[in-house]
Amino acid sequence: MERYEKIFFAISAVMLTLFLCALAYASIAMHIYLPSSQAVIQVKPGQNLASAVLTTPPFNSPGVRQTGPNQYEVDVIAQAWFFYPNVIKLPAGAEVTFKVTSVDVIHGFYIPGTTVNMMVIPGHISVTHYRFEQHGDYLLLCNEYCGKEHHTMHAKVEVQ
Amino acid sequence: MSTAIVFEPDKRLQLPDAQRRLIALTLYVGFAALAIGVMNGLAQALNYAHIDIFKYYPGMRTYYQGLTVHGVFNAIVFTFAFANGFVALTMARGLNRKLNTGLLGAAFGCLVVGTLFTAYAMFSGQASVLFTFYAPLEANWTFYFGLVLIVVSTWITSVNLFLTLSAWRREHPGQRIPLLAFISAVTYVFWDISSIGIAVETVVFILPWSLGLVATTDPLLDRTLFWLTGHPIVYFWLLPVYISWYAMIPKQVDGKLFSDSVVRIVFLMFLCIIPIGMHHQYLDPGITAHMKFVTAVLTFMVFLPSLLTAFSVMYALEIGARRHGGRGLVAWFFSLPWSDPSVAAQVLSMLVFMLGGITGLMNASYNMNLEVHNTTFVPGHFHLTVGTAVALSIMGVAYWLVPYLEHRKLWSRGWALAQAWIYTIGVLIFARGMISGGLAGMPRRTAISLAPYAEPAGWKIAGIFTAVGGTLMFVGAMMFFVVIGFTILFGEREEPAEIPFTETVQAPAGIGWEVSLDHLRYWIAIAVVLIVVMYGPFLAAHIPPAPIATGFKGF
């Protein structure tokens, strides 16, 4: 390799390394995490996935629960082609944990304008955290194709 | 230290007529698939501006049926057909040696039969599962079976290439593999290893399940095997185009490629770093955060060979432009032979590819992916890469390749030139729309024109850009089919032409470390070890699979 090739290679490598450092900083210092929950839904022999989900806490009673001072957990079931519950009411500034699972196919769980964006895979429980600072209505969308009426699959998050 | 001799192929390759016909027919299957795919693409682009023209498409029932056809025909049939035809030819040219006609015919037959099976499934409405076919969405078995045959056609092509290469090596012991043959071989070795994931997914899990032999499947395992192949597949789209950029474009602009070794290193880097598909699964449950970060690091490493390509190819262009009066630090760029449609299409592709690379790096950027995952930012990105850097470059290649194969002159350089510019302007407007829409939260793979909720701010203008740009891309693509069709039917007959094939400023080294670049088995070993390191922990945790999901056919 010639001199200019080596210089170009070195500049490229340094640039990419700096980018990676920035991402690591955002992850560690700024706490921007990827949803990487390892929790699963246990399906017993002879049981189907839907009934397993409906008998597994917290999905036996989906909805919003207060878990501490200013802390809330939102447990959501995704099913073609709706979310249950489809209206989620939360106070502004609260620390919110979303736990989501699917009873049929792969869905998405996405609130535009936030960092709430995760895949919902049958048999797995997706978990993410967020704090809504702004009052108002947020759109919750399925952003993974899930069949004929996929574009209708949405819900509302009301932050008061 | 042994001294290797350098093989200089004779100037002119004369393929037997049967092989020339088969290569041409393989390409035409790809172009036909592209035409059908692009027709659906137009309807999708208009959908973002709330114009629903799907209802006028014969036989098409839903947006998602059209989207499946668009993805499968454009991203799989078109690209694979081009690779099978073009890389077979570059191998033959690199070694100045003919191929095996029977294997060329078998690969062609497999491709056609496979395409017919998937086409049946898609057009009959039994396979609206998109080209990623995530289980437990369950298509008719003919869909998966057709895809398997299409992949088998690439394997048959590999056998053809490797037999040709090993016969050459037996006759030329101790010689460096000619550059063109080397990069052709690496492209297919790379793909053969990469395709294992999708092969296992389909043959072991999905096909038996879609045939009803087993009732359930493991969606996360299937999806992970899909992406094991699904990311490297994009380099299988790209590498045949890199062959053209490295080995042909320099000649076409009257320049030279500078370094033989850098090109080999670039291709080997792609071969070594296969297992990065988990960056498509950054937001998946069931995959640990540290595996995702390691994947991000490896993904960034794969950006290096593309940066090197930008350097080497630009330098080759600059050599050519300066020979033709090019001056200045960047002004030489205007002295390229812009009146040659083959050059114009491919140089425009390269410029668009820079934007594609930057947006790709954003997608790959670990937690930044939270902002863009499954939004229209992603198709905005990949219409700059596969949709233009690959597709428009293939059109550019076709402007010399079809005349070469047909012994006819290109019909209308003016149309071909206009085609390249219209398509490029189109994709820039289109991608502007999709990328801004994605940043405003517009989900991808969604029939936006039918969505029941009020559109958030920013979607409307994004949709208009998408529709306008997509329409221009459609016009550009249709002009390509006119040029190619008229060339085949009415092009002026001419003497067999020569394949444009560049010289390098630096010949391949005969001694030293560079000789070991040709020892593919070492590089294959590195590739396999890295795959085991990256996927071993996941597979160990997920085999035996947890088959919890039954099939879903609500499409």
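All figures in this text were calculated on a predicted structure; none of them were measured in a lab. Reckoned from all heavy atoms, side chains included, excluding hydrogens, waters and symmetry mates. The sequence lines fix the lettering, A, B, ..., with proteins before strands; numbering per chain opens at 1.
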With chain B, the option among A/Lys156, A/Met118, A/Gln47 that has the most non-hydrogen atom pairs under 4.5 Å is A/Met118
To the nearest 0.5 Å, atom CG of A/Asn143 lies from atom OG1 of B/Thr376 at 11.0 Å
Inter-residue atom distance A/Tyr4.OH - B/Phe258.CZ, 0.5 Å rounding: 10.5 Å
Under 4.5 Å from any heavy atom of chain A, what part of B/Pro136 do you find: side chain, backbone, both or neither? both
Rounded to the nearest 0.5 Å, what separates atom OH in B/Tyr134 from atom NE2 in A/His107? 14.0 Å
Proximal component of B/Ala541, with respect to chain A [non-hydrogen, under 4.5 Å]: neither
Proximity breakdown for B/Tyr315 and chain A, heavy-atom pairs closer than 4.5 Å: neither
From A/Glu144 atom CD to B/Thr132 atom OG1, the distance as rounded to the nearest 0.5 Å: 6.0 Å
For the interface with chain B, which of A/Ser37, A/Ala39, A/Ala22 has the highest count of heavy-atom pairs at distances below 4.5 Å? A/Ser37
Counting only non-hydrogen atoms closer than 4.5 Å, does A/Tyr110 touch chain B with its backbone (N, CA, C, O), its side chain (CB onward), both, or neither? side chain
Report the option among A/Val43, A/Thr152, A/Val120, A/Val116 that has the most heavy-atom pairs separated by less than 4.5 Å from atoms of chain B. A/Thr152
Against chain A, label B/Leu361 side chain, backbone, both or neither, depending on which of its atoms sit under 4.5 Å from a heavy atom there. side chain
Quick check on the interface: out of A/Pro112, A/Pro35, A/Ser102, who has the most heavy-atom pairs with chain B under 4.5 Å? A/Pro35
In terms of ring plane angle, is the pair A/His151 and B/Tyr64 parallel, tilted or perpendicular, where the classes change at 30° and 60°? parallel
Can you measure from CG (A/Leu141) to CE (B/Met442) and round to the nearest 0.5 angstrom? 11.5 Å
Note: vs chain B, highest number of non-hydrogen pairs under 4.5 angstrom among A/Val105, A/Thr128, A/Asn48, A/Ile111 is A/Val105
Against chain B, label A/Met153 side chain, backbone, both or neither, depending on which of its atoms sit under 4.5 Å from a heavy atom there. neither
Contact summary for A/Gly147 and B/Leu137, nearest pair of heavy atoms: N-CD2, 4.4 Å
Output, in order, the C-alpha distance, side-chain angles, deciding distance and verdict of side-chain contact (heavy atoms from CB on, under 4.5 Å) for A/His124 and B/Asp284. CA-CA 9 Å; A/His124 294 262; B/Asp284 279 17; over 6 Å; no
Between atom SG of A/Cys146 and atom CZ of B/Phe552, what is the distance when rounded to the nearest 0.5 Å? 7.0 Å
Okay, B/Ala451 and chain A: the region with an atom under 4.5 Å from a heavy atom over there is both
Turns out that what part of A/His154 lies under 4.5 Å from chain B's heavy atoms comes down to side chain
Whatever's closer than 4.5 Å to a heavy atom in chain B on A/Ala80 counts as side chain
With a 4.5 angstrom heavy-atom cut-off, which part of B/Arg61 approaches chain A: side chain, backbone, both or neither? neither
Of all heavy-atom pairs linking B/Leu307 and A/Leu16, the shortest is CD1-CD1, 4.3 Å
Given a strict heavy-atom distance threshold of 4.5 Å, which part of A/Ile125 is in contact with chain B: side chain, backbone, both, or neither? backbone
